[in-house]
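Lettering of chains follows the sequences in order, A, B, ..., and the numbering in each one begins at 1.
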Amino acid sequence: MQRRDFLKISAAGGAAAALEGCGNPDHQLIRFIPEEDLLPGIATWKPSICTLCPAGCGTLVRVMQGEAEVVRNGQLGILKMGLAKKIEGNPAHPINQGKLCPRGHAALQVTYHPDRIKTPLQRTGNRGSGQFKEITWDEAIKQLVSQLSALQASKEQGRLALLASPLRGERRTVLNNFAAGFKSAPPIEFEFFDNRVLQSANLQSFGHASLPTIDLGQSNYVISFGADFLGTWNSPVAQSVGYGHMRKGRPGQRGKFVQVESRVSQSGASADEFIACPNGVEGMFALSLAHVVLRDKLRAGDAAGHAGSLIDGWSQGLPDHAPEKIEKQIGVSAATVARIAHEAAAAGPAVVLIGDAATAQTNGLFNALAVNALNALLGSVGKPGGLSFGAGWSEPPASAAAGKGAADSIQKLVAQLQSGSDAARVLLLFNANPVFGTPAAWGVHDALGKVPFIASFGSFIDETSALADLILPDHSPLESWLDDVPASGSARTVVSLAPPAMNPLHDTRSMPDVLLDVAHQLGGDPAKALPWKTYDEALKATFTTLYIEKGSQTAKDPDEFWKKAQEQGGWWSADEKTPAPAVGKFSGSPAKIPAPQFDGAPEEFPFHFLPFASQMFYDGSLAHLPWMQEAPDPLSSVMWGTWVEINTRTAEKLGVKMGDTVEVASAHGKLQAPALVTPAIAPDLIAMPIGQGHENFTRYASGRGANPISILAPMTVESTQSLAWAATRVKVSRVGEGKIVMFGASMDETPASTKHR
Amino acid sequence: MAHQWGMVIDLDRCTGCEACVVACHAENNISTVGEDQAARGRAKHWIRVERYYEGEFPDVKTKFMPVLCQQCDAAPCEPVCPTFASYHTIEGLNGQVYNRCIGTRYCANACPYNVRFFNFYNPVWDKPLNLQLNPDVSVREVGVMEKCTFCVQRIKASEIQASSEKRDVKDGEIQPACVQSCPTKAMVFGDLSDPQSEVSRLARSNRATKLLGELGTLPKVTYLQRDSWHAGEDS
Amino acid sequence: MILGVIVLTGAILGRTMPADDSSTASQPAAQTSPIFTTAHRTVGDAVREFFGTRTKPVQPIAYTHKVHLANGMQCTDCHVGVDQGPDARIPSVNFCMTCHQVIATDKPEIKKLAAYRARGEDIPWQRVYGFEPSAHVKFNHAPHIRAGVDCAKCHGDMHTQTVAERKVDHTMGFCVECHRQNNASVDCVTCHF
């Protein structure tokens, strides 16, 4: 008997029963009439905008016809519709120039996530129990309107709080107008990596409360203090494009890249020279570089202008920062400092960056001011190969409508809720997750629990929206009208615009449209503040005012302009704008760089603790995407988990081996995670990626790993309200054997042919 | 003469960001296997970024190297396949015919680059994540070996487009998903049989090396080694 | 050998475990499973493929190709896109109704058609041709049309068919023979990727 025949006979017995039921429409789901006229198998590319981080990259979405199981009018059926299949960078977009980071690709999974909230929900169980029931949009909006009307009736409009992840463009306008029309406090913005410290320093030094746009492509010398500018900081794709050009885009000319930090970050890994430097002394280091430049007359002393005048001792040539005097403090030899200063001054154009942990010290603001002064001294501000400000969006001044004592930060909101005076009675939540993103010591979870009514507009249940009484799920970004004004990344002024790339999959509604609807139902001032019928009408009214400006498209009238901009993905100015440098706003005496403060006594807590942005999860808001979970971290190769980085020699002393479970404890909490023993971290430092440790964030992220933010000390950066997230000290102990999942863990050592030249 | 597709990866540009890794997952319907299977070494990444440390802190040197199927001209995976599922295509790719594959995994054992991945289970997508699947690419089932194809679906689409316009494929017209997404433009793809193509030009660089070239596998991926400051060479 | 049998049957049955989904209990489990896997949707599909048999599709409406073609219509009037990309469009109920709003409205099959539209449903046409996912074939119509291959070469003479039937068996031998005759590529990755 032939093998195949034998197999057939064996298989036939158990299978005969299952044969009926196919190829017959009676046994299948009903099919809804398609709403779109698409050709099968043919892709169309629709411009969109990536919303997963504040960089604001322009994208193209590949849309093809597919069959989706959807619920329409309460009935499950199959609908042929245009489905997003792939996201690429938009080559025409000035920020990312056709390129994308790993997170941007995974934005697709936000739309198709199995745990996306599909209909409005009303809480049925206890707060945080996760028990909700499905309700209709009419009911949901009625509930919200009645809560808001009650506030109006009792003249307690100030007790409405809006808590949002930072928004730009027209969504920001809608939110602000809603708050203003309702006479509540302006929206409170929260995100973990808020870069407020750097914005504040840039306002003082250069008069622009924004992040710098860095012209890496034309730079010959790049010094970065802690900024992971090729990974997650500022506008990473724009910076990576520039970096590639700096390295190999100019025949015969290759820029040098020096990274200064205490742990080799993903950016630090690509540096030509890595300089180890303890956390908190970056400003001193920068000033000692400036000292050498001034001492050796590599630049004129007054070149730094206003930015230099903010630094104590600048006019005297920074005598306190002579490399010989401070080499012990900054842990870098005087000879190295002098060499770097001379190299940078000679190579020109040179640019100095600062970000991430260097600005998250208690003295972070001063570190940033020192780097700003150094940049000004080197002549890097507003010049090719340097950095520029002001082409993009910048922080507008605090709204005048903010009443006295209104909560303008999450800390104040929490304090009010804890004391009970003027505390919020209704809270609207827009995608911010402060319960995950703040230290447990801030008490955000318990404080928000005291708000009588919380409505969330997010698409997922997370640690914060789990507290909501009502959920009004937003469309996914690919299903929404999008607009954005990126803060940095291009010397052009960029206003991105995109219509929905696909129709909504679920019974969701666009957040701004819901707010418009609510405002109109409330009537009176809220309705007047939001006079538009739909969000795209509001967007068109604002956007088309640009059409007289000289830019990426010419149009005969606003309507044509609106249409062309949608096809291109926005509008950008024709000229690269280089605003006049050094028009800083600062009054007061020049800053002396203070020593960094750390929480925890060194005797009890011998290690500095460095949480860092994860390449895949950013601030933890992307941990729900399976592609991000399974992508190996570029440095550790860890998948589906978290880790604690410990220096090889330190681990030896502690008796910790790769993969052992260790306990990391600060004065404010403790956590357990597997150890990753690595040579790429300072011996007195313990580092952990941010992103895992979600208690409640979809099936893929919940209960996985530990959250380093939770054990941070409630320290703030001096002169700001920002969390000094790199100012905590910890102790570490081995708990026992553990597990760490790494890709390619069994692969060979360095193949001979790939060694460094 | 038939095209000979090849790639150049400039390690002086690569920053290890892994945009290529996720772009590849999205383009090629690579399923995620979950934590337990990943712990057993069954995660599938057609392209990965290898990271090497040399030295001790603070004098630690780090290097990234993206590794994907090298599309060898003398491929160790091909002769060991008993069903000819691994075979050499006319255009020089190491083809993998899923229909023929019976899952002996001989090819994965033979491959010195660890770039072949076996489906230990049927891939699973929690609905509606299945809607992300690219209709231009097969979804591989249990028992089948899979690996980088140089995005053959994109190659075929461009060739069909070019033939409909009665012309040859232009240099740079075909971009595999990894190449298209690479923010630093570290990856270049093209026809090695055309000496004028960008990929041919770069492959002649004096920084060019082949991964494990000493094995005689004749890879069609060329790596340009990390450079140092002020080397000032033209490439 | 015996082990091989166990493994194989295990694989067939294993890939078709219907997942529990109580929220949509009114629907057949195989269609509304909360997960999607490849290869075969049901045990039946797997067995049919194994034996190389395909069930005859039951069409919801007895559409007659013969009559439409006799009235002077072209294939591409309805099957738009066949010369542009991989697939030809199967028209939606709305497309049919552009004519049948007024034509032959008294016929029973047209009444069925109108009823679908009145209910807001599309017509659940059943596939006649097409490759199973496990065939790993990425067929593209457009180059065949451009090469002048007549529709009838692969689909039979539709002028003589009422409801479409599988007149031509799309085996690999059928494809390769024609490719060889026309000097088209027979490299595996021409179709399998």
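- Of all heavy-atom pairs spanning C:Val189 and B:Gly95, the tightest one is CG1-CA, 4.5 Å.
- Distance check, rounded to the nearest 0.5 Å: CD1 of C:Ile145 to OG of B:Ser164 gives 13.5 Å.
- By the neighbour-count criterion of 12 heavy atoms within 6.0 Å, atom NZ of C:Lys153 is sparsely surrounded, having that number or fewer from other residues, nucleotides or ligands.
- Other residues, nucleotides and ligands place no more than 12 heavy atoms under 6.0 Å from the CZ atom of B:Phe84.
- Around the CZ atom of C:Arg180, the shell of radius 6.0 Å holds no more than 12 heavy atoms that belong to other residues, nucleotides or ligands.
- Summarising the local packing, CE of C:Met172 is surrounded by 12 or fewer heavy atoms from other residues, nucleotides or ligands at distances under 6.0 Å.
- Crowding of C:Arg146 atom CZ: a count of heavy atoms from other residues, nucleotides or ligands under 6.0 Å exceeding 12.
- Residue C:Ser134 comes nearest to B:Asn99 through the heavy atom pair O-ND2, 4.1 Å, listed as atom of the first residue, atom of the second, then distance.
- Heavy atoms closer than 4.5 Å to chain C are found nowhere in B:Tyr121, neither backbone nor side chain.
- Scanning all heavy atoms of the two residues, the minimum distance from C:Phe193 to B:Asp136 falls at CE1-O, 3.3 Å.
- Contact record, B:Ser138 with C:Lys138: N-CE, 3.4 Å, taken as the closest heavy-atom pair.
- Between C:Phe36 and the choices B:Leu129, B:Leu133, B:Leu131, B:Asp126, the side-chain contact (heavy atoms from CB on, under 4.5 Å) rule is met once, by B:Leu133.
- Within 6.0 Å of CZ in B:Arg40 there are 12 or fewer heavy atoms belonging to other residues, nucleotides or ligands.
- With C:His136 as the partner, the side-chain hydrogen bond (donor to acceptor under 3.5 Å, both in side chains) test is satisfied by one option alone out of B:Glu141, B:Arg140, B:Arg100: B:Glu141.
- Counting heavy atoms of neighbouring residues, nucleotides and ligands inside a 6.0 Å radius, atom CZ of C:Phe139 exceeds 12 of them.
- C:Asp187 places no side-chain N or O within 3.5 Å of a backbone atom of B:Thr89 that could act as its donor or acceptor partner.
- Contact between B:Val97 and C:Cys188 at its shortest, heavy atoms only, is CG2-CB, 3.6 Å.
- Contact of B:Pro135 with chain C is made through the backbone alone, with heavy-atom distances under 4.5 Å.
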